[in-house]
Visitor: 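Take this structure first; my questions come after.
Each ligand, and each atom within it, is numbered from 1 in the order the structure gives. Starting from 1, each residue takes its place in the sequence as its number. The model shown is predicted, which means the values in this text are computed figures rather than measured ones. Any value given below was found using the heavy atoms of this structure, including those in side chains, with hydrogens, waters and symmetry copies removed.
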Amino acid sequence: MHQYIQDFSKYDGQEVTVKGWVANSRSSKTNIFVVFRDGTGFAQCVVNLDQVGEAQFETAKRLTQESSVIFTGLINKDDRQIGGYELSVKTIEVVHLSKDFPISPKEHGITFLEDRRHLWLRSKRQWAIMRVRNQIIMGIHDFFQSNGFVQMDSPIFTGSACEGTTDLFETDFFGKPAYLAQSGQLYGEAMAMAMGKIYTFGPTFRAEKSKTSRHLSEFWMIEPEMAYYTNEMNMDLIENFVRHVILSVLEKCKSELEMLGRDTTSLEKVTGAFPRVSYTDSVKILRGEMEVNGKNAITVQEEDLQTAKDKVAACKTKIAENEKIIKGGVKKGKRNYLQSQIDKLKGEIKKAEEQIRNIPQWIESAKNFTDGEDFGGSDETVLTRVFDAPVLVYNWPTKIKAFYMKEVDGHPEFVKGVDLLAPEGYGEIVGGSERETDINILLKKIEEHELDEADFSWYLDLRRYGSVPHSGFGLGLARMVRWICKLDHIREAVPFPRRFGRLFP
Ligand code: 4AD
Ligand code: MG
């Protein structure tokens with residue numbers, strides 16, 4: 001039997017055995033401080049020369065980064081340590097000595113890390129992200145299971161397109177072309193007619209050749225579908241669902257979010273109502289023609305631009321001050337501290353300079369936005385900036401949305417679609433709609449979208465036999481992880497990302 005770091009609080013003052021890996025270590029004459037990890041957490045383990053004797057001390061000295069090791073020792077409460085406990089080691093058993101682990105604590109380029117994703121996953125930051133991802137998954141199942149939804153698995157080999165024909169991965173299915181599912185929705189609709197409320201939770205595929213920070217080629221999607229739901233009810237559900245998942249992460253993953261340096265202020269705002277804005281109004285807001293609680297989207301961007309400029313100036317002043325102190329001559333410890341402050345400030349400058357480059361383009365694009373088009377990534381950023389919580393944008397132009405969305409009564413140029421846009425520049429995380437029930441409108445749309453009617457004959461049966469109003473939506477898991485963890489890029493939100501240009505490891 002061995003114990004786990006996550007349970008250290010139960011064993012305060014007792015002897016335990018832990019099995020894991022060396023994340024990092026440093027030594028003095030009489031002590032070796034090992035940052036040890038076992039999958040459930042990180043803890044400092046101290047190997048003291050007098051405690052363990054010469055031979056074991058020498059063994060501990062040879063422990064390289066990522067060597068696997070078993071420690072037995074006493075647990076002591078120590079609030080200064082990560083996790084609040086420290087292990088004072090009595091015996092050491094080396095399982096495997098690792099040689100030249102390629103990922104050192106120093107900074108690495110992102111491609112270097114992505115090429116070594118199988119090892120990168122062990123680092124503290126990636127560990128924290130994967131724990132948050134796990135909690136998000138738990139929160140999702142928990143929400144649906146406790147609200148009367150039945151989970152279903154939709155097929156991955158499909159004979160037809162759901163979200164348009166441009167980004168399908170084609171594969172060979174016993175000599176016939178088949179496509180990797182873009183969405184499980186159409187099958188979800190069939191199942192909802194049998195079970196009332198269902199949700200899928202599975203892999204979906206998009207062959208878009210876009211190398212952005214929000215696009216994957218393979219991603220897990222959660223797609224609930226509800227019989228007898230209007231789009232208003234759909235929006236209520238999206239709101240309650242997203243709120244539930246975020247609150248569960250805030251409750252269960254405090255230390256992980258802290259490790260990620262995630263300021264949770266914006267996440268905490270989900271307790272309030274999510275604003276609902278029609279597409280038409282959001283265009284006006286985006287162009288700066290309509291204000292939200294006294295805020296003008298364009299003015300806010302101009303203010304952000306000024307803030308970024310001020311930030312660069314302030315950081316540069318601070319760097320100069322630190323450099324002056326270093327030049328004047330200081331002790332090594334102080335110098336290292338100042339140097340690390342300088343590096344941090346340089347990082348902040350880099351971020352602010354990126355904003356200074358981006359914002360003028362965002363403003364241009366927002367001001368000149370053409371009514372009727374789809375929002376680009378920057379448009380979503382500008383639009384959501386004037387709101388405090390995630391925003392539900394509803395009633396979209398028919399021509400930019402999928403064939404199955406229900407037309408707005410009396411206004412066939414709009415459909416009852418809804419997107420949930422996350423704040424802080426994360427943009428669309430949910431897309432959904434009320435579904436068209438009129439078989440004739442569906443037939444017309446299938447033709448307009450240049451889809452093959454024969455492929456959809458089974459789907460149209462749902463409108464032939466006991467057709468009812470129904471709605472649903474899809475949440476991209478990786479997009480949710482990215483937002484909650486505040487990641488620059490979606491690649492860190494998935495264990496092994498598959499995206500344009502990336503198939504290995
Ligand atoms: O908006 P989308 O394309 O909607 C559908 O697929 C519907 N069938 C959903 C439904 O009504 N049942 O995709 C839904 C969500 C997006 O909001 C986004 O979060 C995610 O899936 N998504 C992607 N995530 C990562 N990479 C991509 N390439 C994505 N494309 C969509
Ligand atoms: Mg969408």
Visitor: Does R243 reach the main-chain N or O of G272 with its side chain, forming a donor-acceptor pair under 3.5 Å?
Guide: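 It does hold such a pair.
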Visitor: To the nearest 0.5 Å, what is the distance between CZ (F144) and OH (Y199)?
Guide: 7.5 Å
Visitor: When you measure from atom 18 (C) of ligand 1 to every protein heavy atom, which one gives the shortest distance, and what is it?
Guide: R479 NH1, 3.5 Å
Visitor: Between ligand 1 and G432, is the shortest N or O to N or O distance under 3.5 Å?
Guide: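 No; the residue has no nitrogen or oxygen that sits under 3.5 Å from a nitrogen or oxygen of the ligand.
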Visitor: Ignoring angles and geometry beyond distance, decide whether L475 reaches within less than 3.5 Å of ligand 1 through its nitrogen or oxygen atoms.
Guide: no
Visitor: Could you check W21, F36, W127, Y4 and say which one makes a ring-ring contact (aromatic ring centres under 6.0 Å, His included) with F42?
Guide: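 That would be W127; it is the only one of W21, F36, W127, Y4 passing the ring-ring contact (aromatic ring centres under 6.0 Å, His included) with F42.
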Visitor: Show me which atoms of ligand 1 lie under 4.0 Å from any heavy atom of E208.
Guide: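 Here the atoms of ligand 1 in question are 28 (N).
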Visitor: What protein heavy atom lies closest to atom 19 (O) of ligand 1? Include the residue and the distance to one decimal.
Guide: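 Result: I429 O, 2.7 Å.
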Visitor: Mind checking whether R214 has a heavy atom under 4.0 Å from ligand 1?
Guide: yes
Visitor: Could you list which atoms of ligand 1 come closer than 4.0 Å to a heavy atom of G474?
Guide: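 Per the distance check, 9 (C), 10 (C), 11 (O), 12 (N), 14 (C), 15 (C).
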Visitor: Is the cationic atom of R116 (NZ for Lys, CZ for Arg) positioned less than 6.0 Å from the six-membered ring centroid of W120 and within 45 degrees of its normal?
Guide: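 No; the conditions do not both hold, so R116 does not lie above the ring face of W120.
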Visitor: Rounded at 0.5 Å granularity, tell me how far CZ in R287 sits from OG in S282.
Guide: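 So the CZ of R287 and the OG of S282 are separated by 10.5 Å.
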Visitor: If we count only N and O atoms by modelled type, under 3.5 Å, do the side chains of Q306 and E302 hold a donor and an acceptor together?
Guide: no
Visitor: Tell me the nearest of Q185, R435, R206, Q182 to atom 2 (P) of ligand 1, using heavy-atom distances.
Guide: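 It is R206 whose heavy atom sits nearest to atom 2 (P) of ligand 1.
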Visitor: From the options L383, D379, V277, select the one residue that forms a side-chain contact (heavy atoms from CB on, under 4.5 Å) with L421.
Guide: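 So, applying the side-chain contact (heavy atoms from CB on, under 4.5 Å) to L421 and each of L383, D379, V277, only L383 qualifies.
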Visitor: Name the closest protein heavy atom to atom 1 (O) of ligand 1, giving the residue it belongs to and the distance to 0.1 Å.
Guide: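 Ranking protein heavy atoms by distance from atom 1 (O) of ligand 1, first comes E428 OE2, 3.1 Å.
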Visitor: Does a side chain donor of either R435 or T437 reach within less than 3.5 Å of an acceptor in the other side chain?
Guide: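 R435 vs T437: no donor-acceptor pair found between side chains.
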Visitor: What protein heavy atom lies closest to atom 14 (C) of ligand 1? Include the residue and the distance to one decimal.
Guide: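 Here the nearest protein heavy atom works out to M221 SD, 3.4 Å.
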Visitor: Which one holds for M480 and ligand 1: side chain close, backbone close, both close, or neither close, with close meaning a heavy atom under 4.0 Å?
Guide: neither
Visitor: Which atoms from ligand 1 have a heavy atom of G476 less than 4.0 Å away?
Guide: 15 (C), 19 (O), 20 (C), 21 (O)
Visitor: Quick check against the 3.5 Å criterion: does R463 have a side-chain atom that pairs as donor or acceptor with the backbone of D438?
Guide: no
Visitor: What do we get for V430 next to ligand 1 when only non-hydrogen atoms under 4.0 Å count, side chain, backbone, both or neither?
Guide: backbone
Visitor: Identify the protein heavy atom lying closest to atom 7 (C) of ligand 1, giving its residue, its atom name and the separation to 0.1 Å.
Guide: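 Minimum-distance protein heavy atom for atom 7 (C) of ligand 1 reads E163 OE2, 3.2 Å.
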Visitor: Heavy-atom count check: over 12 atoms from other residues, nucleotides or ligands less than 6.0 Å from K350 NZ?
Guide: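 No - once you tally the heavy atoms of other residues, nucleotides and ligands closer than 6.0 Å, there are 12 at most.
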Visitor: Say whether I490, considering both its backbone and side-chain N or O atoms, lies within less than 3.5 Å of an N or O atom on ligand 1.
Guide: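 Checking ligand 1 against I490, no N or O pair falls under 3.5 Å apart.
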Visitor: Measure the distance from atom 28 (N) of ligand 1 to every protein heavy atom, then report the residue, atom name and distance (to 0.1 Å) of the closest one.
Guide: L216 O, 3.0 Å
Visitor: Using 0.5 Å steps for rounding, measure from the CD1 atom of I103 to the CG atom of L113.
Guide: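 The CG atom of L113 is 5.5 Å from CD1 of I103, to the nearest 0.5 Å.
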Visitor: Could you establish whether A478 and ligand 1 come within less than 4.0 Å of each other, counting only heavy atoms on the residue side?
Guide: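 Contact check A478 vs ligand 1: negative.
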Visitor: Heavy-atom distances under 4.0 Å decide this one: backbone, side chain, both or neither, for F219 against ligand 1?
Guide: side chain
Visitor: Short list, please: which atoms of ligand 1 are under 4.0 Å from a heavy atom of G431?
Guide: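 Those atoms are 1 (O), 9 (C), 10 (C), 11 (O), 17 (O).
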Visitor: Minimum heavy-atom separation for Y459 to L186, with atom names?
Guide: CE1-CD2, 3.5 Å
Visitor: With a cut-off of 2.8 Å, does E428 place any N/O/S atom under that distance from the Mg ion (ligand 2)?
Guide: yes
Visitor: Compute the shortest N/O to N/O distance between H215 and ligand 1 and return yes if it is under 3.5 Å, no if not.
Guide: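 For ligand 1, there is no N or O atom that lies under 3.5 Å from one belonging to H215.
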Visitor: To the closest 0.5 Å, what do you measure between CG (L267) and SG (C485)?
Guide: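 One finds 9.0 Å between CG of L267 and SG of C485.
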Visitor: Would you mind checking which non-hydrogen protein atom is closest to atom 12 (N) of ligand 1, with the distance to 0.1 Å?
Guide: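 Going atom by atom, the protein heavy atom closest to atom 12 (N) of ligand 1 ends up being E223 OE2, 2.7 Å.
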Visitor: So is Y404 in contact with ligand 1, going by heavy-atom distances below 4.0 Å?
Guide: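 A heavy atom of Y404 does come that close to ligand 1.
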Visitor: Quick one: pull up CZ in R133 and CH2 in W220 and give me the separation to the nearest 0.5 Å.
Guide: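 Between atom CZ of R133 and atom CH2 of W220 there are 7.5 Å.
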